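For ligands, and for the atoms within them, numbers begin at 1 and follow the listed sequence. What you are looking at is a predicted structure, and each value in this text was computed from that prediction instead of being measured.
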Amino acid sequence: MSEQAIETTEMQISDEVAIEITGMHKWYGDFHVLKNINLQVRRGERIVICGPSGSGKSTMIRCINRLEEHQQGSIQVGGIELSNDLKNIDAIRREVGMVFQHFNLFPHLTVLENCTLAPIWVRKMPKREAEEAAMKYLERVKIPDQAKKYPGQLSGGQQQRVAIARSLCMNPEIMLFDEPTSALDPEMISEVLDVMIDLAKSGMTMLCVTHEMGFARKVANRVIFMDGGEIIEENEPEQFFTNPKSDRTKLFLSQILHH
Ligand SMILES: Nc1ncnc2c1ncn2[C@@H]1O[C@H](COP(=O)(O)OP(=O)(O)OP(=O)(O)O)[C@@H](O)[C@H]1O
C-alpha cells in the first residue's frame with residue numbers, strides 16, 4: 001500500500017451530492033439501533049466508518065442500498081428517495097454496489113458466471129457483452145486467469161476481489177464495503193486493500209466500514225466514528241487520528257491503535 005495519502009483527494013470530490021441522510025432512525029423491534037443519522041456524501045468522497053462492535057455501522061450502510069429499512073427520516077441516493085414501498089429499489093441497486101465481509105459469491109457458479117449473472121438477468125445485457133465486461137473487471141482486480149474456477153477453489157483474498165469485480169460489473173456510482181478484509185488471513189488483506197485504493201483513485205464514491213486504520217489514513221477524505229447508534233464524530237483523517245474530539249473516540253482509538 002502506498003505510504004502517501006492520495007494526493008488528488010480534493011480535486012476528485014464533486015459538489016454533487018451522492019447520498020443525503022437526514023434525521024434517520026431505525027429500530028430492530030424495540031431496539032433503537034440508529035439514532036438521528038445525518039450524513040451528506042458528495043460524489044468522489046471516500047468515507048471510512050469505524051466504531052465499536054454493535055455501534056450500528058453495518059446497519060447504516062445496509063440502509064443505503066435498502067438491505068435494511070429505516071423507520072424515520074430520509075435517505076436519498078443519487079437524488080432518489082428510498083421509500084419503504086420498495087418502488088425505487090431497482091434504481092437504487094443499480095446505483096449502489098456492495099461488498100460484504102464474507103464475499104457472498106454463488107458457490108455453484110464460476111467466477112465469470114458470478115460476474116455476469118446480474119448484468120445478464122437484471123440489466124438484460126447480451127451474454128457475450130457481459131462476459132467481455134466481466135473479464136475487463138477481473139483484469140482490473142488482477143485475477144482474469146481465475147475466471148473459469150469456482151469460488152471454493154480460490155483464496156479468501158481472491159474471492160473478495162471477485163466480489164469487488166462482480167459489483168463493478170453493474171457499473172455502480174457508489175460502492176459500499178462492509179468490513180471487506182476482516183474475514184481474510186493477514187497476508188491477503190493488502191491485495192484487497194490495493195484494489196480498493198485503485199478504485200478510490202478512479203474517483204469512485206466509497207463508504208467503507210473497516211478497522212483498517214492505515215487504509216483510512218491513506219485513502220479516506222473523511223472518517224466517521226459511530227457509537228451506540230449515533231455518529232459521534234467526523235473529521236478528515238489526520239485530525240481524526242491526531243486530535244480526536246470526544247472521549248469515546250479517544251477510547252476507541254486507544255483500543256484499536258495499541259491492539
Ligand atoms: N437483524 C437484526 N435484528 C436485531 N438486531 C440486530 C440485527 N442486526 C443487527 N442487530 C443489532 O444491532 C446492533 C448494531 O449492529 P451492526 O451490525 O449494525 O453493528 P456494527 O457496528 O456493524 O458491529 P460489528 O462491527 O460487530 O459488525 C447490534 O447490537 C446488533 O446485535
K.L.:
Show me, by chain and number, every protein residue that has a heavy-atom distance under 4.0 Å to ligand 1.
P.N.:
Tyr28, Phe31, Val33, Pro52, Ser53, Gly54, Ser55, Gly56, Lys57, Ser58, Thr59, Glu179
K.L.:
Check whether the side chains of Thr205 and Glu45 place a donor and an acceptor atom closer than 3.5 Å, and report yes or no.
P.N.:
no
K.L.:
Running the 4.5 Å side-chain criterion over Ile, Leu, Val, Met, Phe, Trp and Tyr, what cluster does Met170 land in, apart from itself?
P.N.:
Val122
K.L.:
Are Arg161 and Glu191 within salt-bridge range, i.e. N to O under 4.0 Å?
P.N.:
yes
K.L.:
Which residue pairs pass the side-chain hydrogen bond (donor to acceptor under 3.5 Å, both in side chains) test with at least one member in residues 167-182, sequence neighbours excluded?
P.N.:
Ser58-Asp178, Gln101-Ser182, Glu179-Ser182
K.L.:
Which is it for His25 and His70 under the ring pair (Phe, Tyr, Trp, His ring centres under 6.0 Å) test, yes or no, and what are the steps along the way?
P.N.:
CA-CA 6 Å; His25 293 257; His70 62 286; over 10 Å; no
K.L.:
Who are the side chain to side chain contact (heavy atoms under 4.5 Å, CB included) partners of Ile120, not counting sequence neighbours?
P.N.:
Thr116, Lys127, Ala130
